[in-house]
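The chains referred to below are lettered A, B, ... by the order of the sequence lines, with proteins before strands, and numbering in each begins at 1.
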Amino acid sequence: MVTIVAAGIFAARAALVLGSVTSPAQEAPRMTWDARAAEHLLNRAGFGGRPSEIEAGVALGQAALVEKLVAGRVEVEPFFYERIDAPDPRMMKALSPEDRTARMREIREKDRRQLLDYTTWWYDRMTSGEDPLRERMVLFWHGFFTSSFEEVKRSWLLIQQNQLVRSAALGSYADLLRAMAKDPAMLTYLDNQVNKKGSPNENLARELMELFSLGAGNYTEQDVKEAARALTGRGVSREGAYEFHKRLHDDGEKTVLGVTDRLDGEDLVKILLAQEACPRWVARKLLLYFEGVEPSPERLADYAAFLRANEYRIQPFLRRLFLDPAFYRDEVVGVRVQSPVDYMVGFTRRLGVQVPTSVLGSGATLLGQRLFWPPSVKGWDEGEPWITTASIMQRGNLAGFMLGLVKVEDVLSEAETREPAEASESDEPPMTDGAMEEGKSDAPKGEGRPMKDGARPDGAKPAPKKEGKRIGFDGAALYGLRRAEAAGWTPSINLSSRIEKSGARTDKEIADRMLDDLLAIRAPADTRALVVAFLARERTRLKLADGKLLDAGPEAERVLRRLAHLIYSLPEAQLG
Amino acid sequence: MSAGDRATFDRRRLIAGGAAAFGGLLAGPALGRPGLRLLGPFAAAGGDTAPKTLVLLQMTGGNDGLSMVVPHGDDAYYRNRTSTAIDRKSVLAIDKYRGLHPALGSLKSLYDAGHLAIVEGCGYPNPVRSHFKSMDIWHAASERGRYVGEGWIARLARTAWPGEESPELVVHIGSSAPYSIFSPTRPAVAFGSPEVYKWFAIKQADLEAYRHAGREAGKEAEPGEGGGGSSAVLDRLRGVLSEAQESSLRVRQAATSYVPRVAYPATSVGNSLRVAAALIDARMGTRVLSIELVGFDSHNNQKNQHDGRMRELDESLGAFLRDLRGTPAGKNVIVVAFSEFGRRVQENGSGGTDHGVAAPVLVAGWGVRGGILGRHPSLTDLDDGDLKHTTDFRSVYATVIEKWFGADPSQVLDQRYPPLAFA
């Protein structure tokens, strides 16, 4: 049975319930509201801004810009998803093993494609810049209350979960916690299906405390055991809806965090929300995410108290944070390592170039952040852990790809995309299986390796050998890049005309302009000098005087694109 | 010395090492491999010796230990296993009770020669049956998984080689780096294949020239120009990038010029082990290499799938060890092959096995003392259908840390685990 459900319409309601409570202690912030501050706010509350947007933000003023961000735009084009039902076990039993495998494969294929479509939709939301703070918070919650397709296996349950955080992104954390404790994707992901009276499974109970509300050290193992009993019976129907199995629920007396009663799941959430540790945990997560540095104990205590006083509502919390002069201190501005999603989305936003969303998703995946595939229930480790010797180089290479200067085959070898082993016969999706499976039907066939000078051979090479079912991480990552390349996508940018319009002429002026346009941070003096040195050398090669680079026409465009590639490859471009 | 100076200093040192290796490689294989060795960075210190090195071979997906080290003398095995069973006649018998999977011919020879240790029944208390969480526990060497904040190899590196600055001290060859090598302070060197471990933005020499020009000009710039907050993070990232560029060059040089003594199978794990041998041979200061063999999650029609994995394991590991045999590195490389868990004793209804608990760890190498270590878990005294682990896997780690590398296990592991006799 196929049911079409409109999601996203719930988002419209979310804004209505958001009041605005301002702490009496909060006075007009004393700080300089300038381009540095406005850019910082746009980086952290959204995915970065173009120079024109930064200027507009400065002109608008801090209070008005913050208000615009936290108010948000809530009418969203809905994503229509299909409920893909799990096969009827009786029907499956009647099939031959081959047919059963084929049927499972068909369903999984459909699920993967739907999730890929939704991911594309999500990236479109992020790049559009229409509701930047909501998108920022959706990404935050996706890492906070995370579930993985690897284990959930049903695309629409994850889509539903994502729509839930989307609608409540700036609403009440308390509501979200309550909803997550019965969210079908979460119940599946954390095995609550098998949490039954007499044979409890502690997975959900533990993560509810450790990751979703209190943090380790604020409860005992005994609390986990008892909380698991409170959650018994919360399951998912075959149709994918939340279902409470009264028979499987342990109705006996339990003691969780000092409260003794015949507790159920709702009681448990109430107990968690009443803990001192809860607002502290959530406030710390938010401060850490938005500021990129561990808050001082005083700052944490202050914000935790504020969160509690505002009944866990996120909107007033963020309003207060974005108006807080301390949010703009040197320790915070420009020192956070951008996540892969930030890097990819920020690239298109700052350069103002349309990049196919499949490329953005593939790029972020390649760099270690694949939406709906978190590495663990803890989500992604933010900050410097994103950077490895390979990833820092691949970031630059991806920028080169998006600038039309680097080919897929240069970035990753064919060998990486193929697993030598025969197809797995498993009923479970294999460990490293990825979206690449779609590649079987419409991945470009017969792609040849580009010649050294970038020209491509005329004759197409035979298609790569049958791509095994188990495609590695990089296989999934490559798919979107390949697809864009096969479709003949090239970025439509004209950097020389932009520079021309801006009035920059000398090496120094062009360097400043390019760095200010492309970086999310103010470039340090030595970086500016480096870029000037690059331009001077290129100009000398073209035998042009300083101030005459643009006279070189197409050559000038090539120089500027290579410069953009260089800038995006620098460590400076990883910060924001 | 400022961070910038230090980075430059390190870079010079690295360039020197790289150039030496390159010099040897330029001479080509005709010059003979000993020539290359003498030019390597370790030559001065140790002559014709090689540093102790660990190769971690991760069998991802939950390897069915009972199909790898087969308890052919146990009727309970044949009672519980029908479609996945390895029949008595084809088992490569080690003793009356156990034997190796028939595809593990090379490993059997290695065992007979006394250089393969089988550590029985490895696991940990309160087993987790999630691939990821269990793998995290193996990587972190702690039930806390990723919450410990650092992988066990990163802790080992910090403890055992505190002053070692070679970027290639710990290397993962594969698409995504395992948590075991994650360190919050030191970037991991990880690459899928060496040919593409490179940066397209600009030639390194040019970048250096521009940076130099930039530094010169920077002296004249007014203080405070630019700005953008703390430069500590930026300095660290610049360090990572220069490490990456150096490492990229050296890794590619090492891999492309390496001439193995034996043919490696053209599989992913075969390629990875060939690259591992190249890095070991190039003496880049690598002490830990991590490699992955995937495809062990055999819920369904296990036999074909698992047979294939065993063949891959044996062919690639066999080639690697033959390649190293007789070289200075040969006796100094230890391979530890592990999986996040074993599988349940009883087959499921679809010719496969579901996620289980304990499984043997293989330890191989020409410097390894072979044999059967630990006790085989009972196939009848089960815990809810699962084998009860008889050896904590951290005993394997503790042995590697203490006996192999001579480091203090208490700095790496949360408590003492009895060492094993393989080293």
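With sequence neighbours excluded, the residues that form a ring-ring contact (aromatic ring centres under 6.0 Å, His included) with A/Tyr568 are A/Phe347.
The nearest pair of heavy atoms linking B/Leu234 to A/Pro524 is CD2-CG, 3.6 Å. Taking all atoms of both residues into account, the shortest heavy-atom contact from B/Lys198 to A/Asn397 is O-ND2, 2.9 Å. Between B/Ala190 and A/Ala390, the shortest heavy-atom distance links the atoms O-CB, 2.7 Å. The shortest non-hydrogen separation linking A/Ser569 to B/Leu241 is O-CD2, 4.2 Å. Looking at every heavy atom in both residues, B/Trp199 comes nearest to A/Met393 through CD1-CA, 3.3 Å.
Considering CD of B/Gln245 and CD1 of A/Ile392, their distance stands at 9.0 Å, rounded to 0.5 Å. The distance from the CD atom of A/Gln394 to the CZ atom of B/Phe200 is 8.0 Å, given to the nearest 0.5 Å. Going from atom CG of B/Leu237 over to atom CG of A/Leu570 covers 11.0 Å, rounded to the nearest 0.5 Å. The distance from the CG atom of B/Leu207 to the CG atom of A/Leu530 is 6.0 Å, given to the nearest 0.5 Å. With rounding to the nearest 0.5 angstrom, the OG1 atom of A/Thr388 is 11.0 Å from the CZ atom of B/Phe182.
Heavy-atom distances place no part of A/Val531 under 4.5 Å from chain B, backbone and side chain included. Looking at A/Val337, the atoms closer than 4.5 Å to chain B (heavy atoms on both sides) all sit in the side chain, from C-beta outward. If you measure heavy-atom distances from A/Leu563 to chain B, you find no contacts under 4.5 Å at all. For chain B, no part of A/Leu403 is nearby; none of its heavy atoms comes within less than 4.5 Å.
The side-chain heavy atoms of A/Thr101 and B/Asn301, taken from C-beta on, include no pair separated by under 4.5 Å. B/Lys133 is listed as a side-chain neighbour of A/Asn203, based on a closest heavy-atom distance under 4.5 Å.
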Task: Intermediate values then yes/no, side chain to side chain contact (heavy atoms under 4.5 Å, CB included), A/Arg537 and B/Asp206 - done: CA-CA 10 Å; A/Arg537 186 156 145 178; B/Asp206 290 347; 2.8 Å; yes

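Interface remark: of the candidates A/His40, A/Arg329, A/Arg395, A/His565, A/His565 forms the most heavy-atom pairs closer than 4.5 Å to chain B. Most heavy-atom pairs under 4.5 Å with chain B, from the set A/Gly383, A/Gly396, A/Pro571, A/Ser391: that is A/Pro571. Per-residue counts of heavy-atom pairs under 4.5 Å with chain B were compared for A/Pro385, A/Gly400, A/Ser148; the largest is that of A/Pro385. Interface check for chain B: of the options A/Leu519, A/Asp381, A/Leu211, the most heavy-atom pairs under 4.5 Å are formed by A/Leu211.
Under the salt bridge (Lys or Arg N to Asp or Glu O under 4.0 Å) criterion, the residue pairs touching residues 566-576 of chain A are A/Glu572-B/Arg238, with sequence neighbours excluded.
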